[in-house]
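Proteins come first, then strands; the chains are lettered A, B, ... in the order of their sequence lines, and each starts at number 1.
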2 protein chains.
Amino acid sequence: MANIKDVARLANVSVATVSRVINSKGYVNEHTKELVMKAIEELNYVPNEIARSLYRKSSKIIGVIIPDLKNEFFNDMISGMEEVILHHGYKTMLCTSKESIDREKEYLQIFSTNKIDGLILCSNSPDIASYTNLDIPIVALDRIISKDIPSVTADNYMGGILAANRLMSLGCKNIVQFRGPSTVAPANERCNGFLETMNRDPYIRVHTVELDFSTDNTSEIYKFLITHPQIDGIFAGSDIIAARAMRCLKKLGRSVPEDVQIVGYDNISICEFTDPTITTIAQPIQSMGEIAAETLFKLIKKEPIEQLHITLPVELIERESTK
Amino acid sequence: MANIKDVARLANVSVATVSRVINSKGYVNEHTKELVMKAIEELNYVPNEIARSLYRKSSKIIGVIIPDLKNEFFNDMISGMEEVILHHGYKTMLCTSKESIDREKEYLQIFSTNKIDGLILCSNSPDIASYTNLDIPIVALDRIISKDIPSVTADNYMGGILAANRLMSLGCKNIVQFRGPSTVAPANERCNGFLETMNRDPYIRVHTVELDFSTDNTSEIYKFLITHPQIDGIFAGSDIIAARAMRCLKKLGRSVPEDVQIVGYDNISICEFTDPTITTIAQPIQSMGEIAAETLFKLIKKEPIEQLHITLPVELIERESTK
DNA sequence: TTGAAAGCGCTACCAA
DNA sequence: TTGGTAGCGCTTTCAA
């Protein structure tokens with residue numbers, strides 16, 4: 001593979017001149033430029049980004065750590081980010097932590113040695129940032145990891161409130177909340193918003209069941225529902241949970257939304273495919289990814305950012321699982 | 001950020017010695033080693049991978065191009081790959097082409113300048129590889145892009161046969177095949193296997209409808225089904241299509257599997273969430289990703305590979321959309 | 001067992 | 001407008 005020296009030799013100029021041409025920087029005679037271009041063409045030359053990176057001490061790579069790829073929620077986020085990152089002329093180094101802090105640390109180490117220019121982090125470990133000697137901009141996504149690290153999250157507290165209000169106005173009196181693990185901040189906020197709203201009505205009974213989202217929790221859902229036949233409303237921590245609950249109810253001979261009404265969370269595509277379709281709290285997932293990336297680039301370019309912690313609005317989407 | 005020189009100075013040795021220590025290569029006195037280790041610790045030193053990459057002319061990065069992230073099928077593939085890539089000490093640079101050849105070329109260019117060590121490519125452009133001056137190992141995934149580029153695919157032809165046999169043995173006489181675009185090789189193979197099998201029975205009528213998978217094609221499905229009320233069997237090119245068809249049938253008051261039987265394709269999670277659940281042709285998606293990555297590393301290490309084109313078996317998974 | 005120095009491919013400074 | 005060259009941080013030869 002040809003390098004800048006080869007081009008210089010063929011064009012009969014110095015490497016400095018070639019460099020000026022490929023970077024369109026500094027003075028270079030039109031004729032000389034043509035000579036260089038021809039040599040580049042002939043040798044099929046492409047500049048070596050690694051050498052450039054070494055000189056400029058920056059790789060133009062953005063590191064991204066998310067818990068899991070097998071999750072439409074995170075996929076939509078990444079999809080949003082990738083566009084922005086590409087558009088800014090950077091590359092994406094994508095990593096999944098599988099919710100393991102050791103793996104997060106491993107990737108952080110890799111990022112550190114590879115001189116990434118920015119990091120988008122979706123982690124449950126509040127002190128994760130301290131495990132890195134990375135002195136580059138970081139944006140926390142979906143979860144706040146520290147007071148002074150910029151973040152982009154959805155309004156989870158409001159999500160809980162919206163779900164509660166809906167189920168209440170629908171007349172549900174015996175409600176179960178299948179919530180995510182307490183190690184995950186958004187799950188806690190949703191739970192808080194939900195319970196605080198519910199607690200205003202003394203005639204409503206609310207059960208809370210905490211589930212591990214990373215494994216198949218159908219049997220736990222089933223176990224709860226079979227032992228609590230009086231349940232008439234469900235707030236599910238994710239649309240997947242909502243779909244599973246619906247299947248369990250069906251097996252138990254209870255119909256949705258006639259006997260039990262369900263509100264899910266996220267608004268991923270599955271909501272439209274179940275029967276009945278799922279009423280849910282929609283998060284602006286793709287926007288979250290885009291805004292996180294945009295914020296990161298503002299930090300990289302040392303532009304001012306309006307606010308450290310950006311909270312995006314959520315919205316209730318009415319479908320068939322409520323009436 | 002400290003560099004190797006700083007460490008050398010602090011430990012009172014040469015950079016060559018530090019290099020030997022951090023690479024555990026060549027002779028170095030036990031005591032000297034300790035001194036160096038202490039200096040590394042004290043300075044919080046991490047070697048600069050970019051400088052290393054420049055020297056060794058390899059970035060330890062694997063480029064991955066897939067059509068779309070918002071597709072469970074590809075996510076599962078990537079999930080499989082990532083593990084293998086990490087395990088081999090490499091990094092993943094992930095890119096989505098959005099089925100655009102220009103975007104593929106753009107990323108190929110980026111890969112070329114970034115000296116990636118290997119490429120996993122899922123593309124519909126048969127001549128895409130020629131657009132790159134990359135002289136690195138390439139593995140084609142899910143689709144064969146050229147006779148001499150190693151590939152990992154599922155047995156799409158057999159998938160078509162399995163689906164056809166099932167619908168035939170179920171007694172369907174009026175069948176529609178909602179197939180993927182003819183620009184996508186796997187869609188063609190499935191179609192061939194399906195039609196060749198179906199054609200053996202002169203009493204069966206088969207319609208073929210070609211759909212664009214990248215947009216919402218529900219209305220086309222609906223239009224076909226409403227104008228062909230005699231349909232009693234459907235072979236869907238993906239589980240998503242199968243799910244959409246089921247919703248359309250429901251709207252039309254036709255029940256699955258009583259009036260119409262459906263076989264999907266892929267075996268993604270949605271199969272379990274619809275009602276009825278979807279009978280489908282299962283592809284070993286995650287394995288495809290893993291094997292593609294394993295093959296790539298064999299090529300990188302110049303180890304022999306057993307066969308250039310690996311075809312993985314598919315399997316019919318019986319669920320409720322057939323009886 | 002250690003160190004000096006060349007070189008990986010590039011950019012940018014300074015001189016000409 | 002051009003070229004020589006130092007230097008980005010590292011590895012590896014070669015000599016000591």
Atom-to-atom span, [atom1] of [X] to [atom2] of [N] - whole angstrom:
X	N	atom1	atom2	result
B:Glu30	C:dT1	CD	C1'	13 Å
B:Tyr27	D:dA16	OH	C1'	16 Å
A:Lys33	D:dG3	NZ	C1'	19 Å
A:Asn12	D:dT2	CG	P	13 Å

- Message: So, taking the atom named CE in A:Met288 and the one named SG in A:Cys122, what distance separates them when rounded to the nearest 0.5 Å?
- Response: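 So the CE of A:Met288 and the SG of A:Cys122 are separated by 8.0 Å.
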
- Could you verify whether a donor N or O on one side chain and an acceptor N or O on the other, from A:Lys98 and A:Ser100, lie under 3.5 Å apart?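 No pair is found: no donor N or O on one side chain lies under 3.5 Å from an acceptor on the other.
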
- Query: Using a distance-only test with no angle check, is there a side-chain donor-acceptor pair under 3.5 angstrom linking B:Ser79 and B:Gln286?
  - Reply: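 No pair is found: no donor N or O on one side chain lies under 3.5 Å from an acceptor on the other.
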
- Item | Worked check of salt bridge (Lys or Arg N to Asp or Glu O under 4.0 Å) between A:Glu82 and B:Lys70 | CA-CA 12 Å; A:Glu82 191 205 357; B:Lys70 298 179 157 191; over 6 Å; no

- Base, backbone or nothing for each nucleotide of nucleotides 7-16 of chain C, written B, S, -, heavy atoms under 4.0 angstrom, 5' to 3'? BBBSBBB---

- Can we say A:Arg52 and A:Glu49 salt-bridge, meaning some charged N sits less than 4.0 Å from an Asp/Glu carboxylate O?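 Answer for the salt bridge query: yes.
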
- Query: Can you tell me if the side-chain N/O atoms of A:Thr17 get under 4.0 Å from OP1 or OP2 in D:dT1?
  - Reply: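 Negative; the distance criterion is not met.
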
- Classify the nucleic acid contact of B:Ser53 as base, sugar-phosphate or nothing, counting any heavy atom under 4.0 Å across all strands shown.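 If one applies the 4.0 Å heavy-atom cut-off, B:Ser53 turns out to touch nothing in the nucleic acid.
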
- Taking only residues two or more places apart in sequence, or in another chain, which ones meet A:Phe297 in a ring-ring contact (aromatic ring centres under 6.0 Å, His included)?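 A:Phe297: ring-ring contact (aromatic ring centres under 6.0 Å, His included) contacts with A:His88, A:Tyr90.
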
